[in-house]
Amino acid sequence: MTEFLQNLLLGILLGGVYALAAGGLTLIFGVMRVINIAHGAFLILASFITYSLWDVLGIDPLLAIVITTPIVFALGWVTYKVLVAPIRTAPMASTVLLTFGLALVVEGAMGEIWGNNSTAIRPSYGDESFAFAGLYLPKAQLYGGLVAVLVLVALWVVLTKTWLGRAIRAAAINPSSAELVGIKVTSVAALVFALGIAAAGAGGAITGILYPFVPGSHYQWIARLLAIVVLGGMGSLNGAVLGALLFGIAETMTSAYVSPSWATAVPYAIVFAVLLVRPQGLLGTRMREDAVMA
């Protein structure tokens, strides 16, 4: 029972980190109907930036989030203004192709700057654990999970308790009506895209501690994040959090009780099974075929 509880807690902590990165992806889709294939590339970029801050300046990788996140936010803002805004109302396939091409460009830039060797962030507490009531919780996963929860709570407060959050929700539900009440949807869209990328940046700073990475790691991350978003329901932030927790728990339990080699396969099998029963995801809603963004 103790082992099961420990694995459950580790799965929840891992799911919290996944939720942070996936939350940014689903936020972008919910407001803009843009599937950002470059999301994983920005996550890995944040991991490399965090690595440099830790390796060169000696800044703790979790504290480096306060530096990494604004940098990635600015990159997200510029990316939207320069690349995404001109084709925002184009067919969704256009934005998929654009962001896929952007992911390749970011991957190439990371390879030129940091090289293509496997990189890992190993702070002093990376191999240490807390022991409590027979449970052993790695400090890196515990700290990373708690930081992810704090950032998610801050994002939730912004979206639900502020004027900006109300403007974002209005722009997502009915852009035309939002314009009528004085909300500049184009500006909101730029801010949402930057916020979504910033969430990936914060997630990348944490995942860099938990997993080794190379520039090409963004392929596995975008696959994982898209699966989580689809599982929870496209455009649903609550769904992304739920899907991420289920994904993290499934990975951890599979690794512990089946085989580590199956840890990446079983969560996707769960996604397929859920979609067979509920195609719109756990907390998603069916979209009209003729729905278009203004």
Stepwise side-chain contact (heavy atoms from CB on, under 4.5 Å) test for Ile197 and Thr79
CA-CA 10 Å; Ile197 296 297; Thr79 297; over 6 Å; no
Tell me whether Arg33 contacts the main-chain N or O of Phe29 through its side chain, where contact means a donor paired with an acceptor under 3.5 Å.
yes
Can any side-chain N or O of Thr254 pair as donor or acceptor with the backbone N or O of Val266 at less than 3.5 Å?
no
Please check if the number of heavy atoms outside Glu128 that lie under 6.0 Å from its CD is greater than 12.
yes
Working for side-chain contact (heavy atoms from CB on, under 4.5 Å), residues Leu282 and Leu246
CA-CA 11 Å; Leu282 295 172; Leu246 292 176; 3.5 Å; yes
Using only atom types and a distance under 3.5 Å, with no angle test, would you say the side chain of Thr26 pairs donor to acceptor with the backbone of Ala22?
no
Between Ala103 and Ile37, what is the shortest heavy-atom contact and its length?
CB-O, 4.1 Å
Hey, any chance Ile87 and Phe100 share a hydrophobic cluster, counting ILVMFWY side chains that come within less than 4.5 Å of each other, even indirectly?
yes
Would you indicate whether the side-chain heavy atoms of Phe213 and His218 approach each other to under 4.5 Å?
no
Step by step, would you call Val214 with Asn117 a side-chain contact (heavy atoms from CB on, under 4.5 Å)?
CA-CA 6 Å; Val214 296; Asn117 296 323; over 6 Å; no
Is any side-chain heavy atom of Ile65 closer than 4.5 Å to a side-chain heavy atom of Thr50?
no
Any donor-acceptor pair under 3.5 Å from Asp55 side chain to Tyr51 backbone:
no
Thr119 side chain reached by Pro212 side chain, heavy atoms, under 4.5 Å
no
Taking the side chain as C-beta and beyond, is there a heavy-atom pair between Ser52 and Trp114 under 4.5 Å?
yes
Can you tell me how far apart OH (Tyr211) and CD (Gln220) are? Round to the nearest 0.5 Å.
9.0 Å
So do the side chains of Ile121 and Pro61 get within less than 4.5 Å of each other, counting heavy atoms only?
yes
Name the residue from Ile209, Val149, Leu210, Val151 that meets the side chain to side chain contact (heavy atoms under 4.5 Å, CB included) definition with Val17.
Leu210
Spacing of OH belonging to Tyr18 relative to CD1 belonging to Ile249, to within rounding of 0.5 Å
12.0 Å
State yes or no: do Leu27 and Leu245 share one hydrophobic cluster built from I, L, V, M, F, W and Y residues joined by side-chain heavy-atom distances below 4.5 Å, directly or via other members?
no
Test item: Leu159 and Leu237 side chains (from C-beta on) under 4.5 Å apart, heavy atoms:
yes
Is the ring centre of Phe42 less than 6.0 Å from the ring centre of Trp221?
no
Shortest non-hydrogen contact between Leu53 and Ala64, atoms and distance:
CD1-CB, 3.8 Å
Nearest heavy-atom approach of Val185 to Arg88 is CG1-NH2, 3.8 Å
OG1 of Thr68 to CD1 of Ile59: how many Å apart, nearest 0.5 Å?
8.5 Å
Residue pair Ser47 / Thr207: nearest heavy atoms and the distance that separates them:
OG-OG1, 3.8 Å
Answer yes if Trp156 and Ile206 sit in the same cluster of Ile, Leu, Val, Met, Phe, Trp and Tyr residues linked by side chain heavy atoms under 4.5 Å apart, and no otherwise.
no
Quick one, Val258 and Met253 - any side-chain contact, counting heavy atoms below 4.5 Å?
no
Are Leu20 and Ile12 linked, directly or through other ILVMFWY residues, by side chains that come within less than 4.5 angstrom of each other?
no
Looking only at the aromatic ring of each residue, does the gap between the centers of Phe73 and Phe193 stay below 6.0 angstrom?
no
Given 3.5 Å as the limit, does a donor-acceptor pair link the side chain of Thr95 with the main chain of Met92, or not?
yes
Verify, without hydrogens or angle tests, whether Tyr268 (side chain) and Arg224 (backbone) share a donor-acceptor contact under 3.5 angstrom.
yes
Working note: Asn36 + Val96, criterion side-chain contact (heavy atoms from CB on, under 4.5 Å); need CA distance, chi angles, decisive distance, verdict.
CA-CA 7 Å; Asn36 180 24; Val96 170; over 6 Å; no
To the closest 0.5 Å, what do you measure between CG (Leu146) and CG (Leu150)?
7.0 Å
Check: Tyr143 ring centroid to Tyr125 ring centroid under 6.0 Å
yes
Examine distances only and state if a side-chain atom of Gln6 and a backbone atom of Tyr136 form a donor-acceptor pair shorter than 3.5 Å.
yes
Interatomic distance, CZ@Phe48 vs CD1@Ile113, rounded to 0.5 Å, equals 9.5 Å
Judged by atom type as modelled, is there a donor-acceptor pair below 3.5 Å linking the side chain of Ser255 to the main-chain atoms of Glu251?
no
Any donor-acceptor N/O pair, Arg122 side chain to Gly126 backbone, under 3.5 Å
no
Taking all non-hydrogen atoms of both residues, which atom of His39 and which atom of Leu225 are closest, and how far apart?
CD2-CD1, 3.8 Å
Find the distance between CG (Leu137) and OG (Ser129) and round it off to the nearest 0.5 Å.
7.5 Å
Where Met110 and Pro215 come nearest, the two heavy atoms and their spacing
CE-O, 3.7 Å
Beyond-backbone contact of Val72 with Leu45, side-chain heavy atoms, under 4.5 angstrom:
no
When you group the ILVMFWY residues by side-chain heavy-atom contacts below 4.5 Å and let the links chain together, are Leu276 and Leu242 in the same group?
no
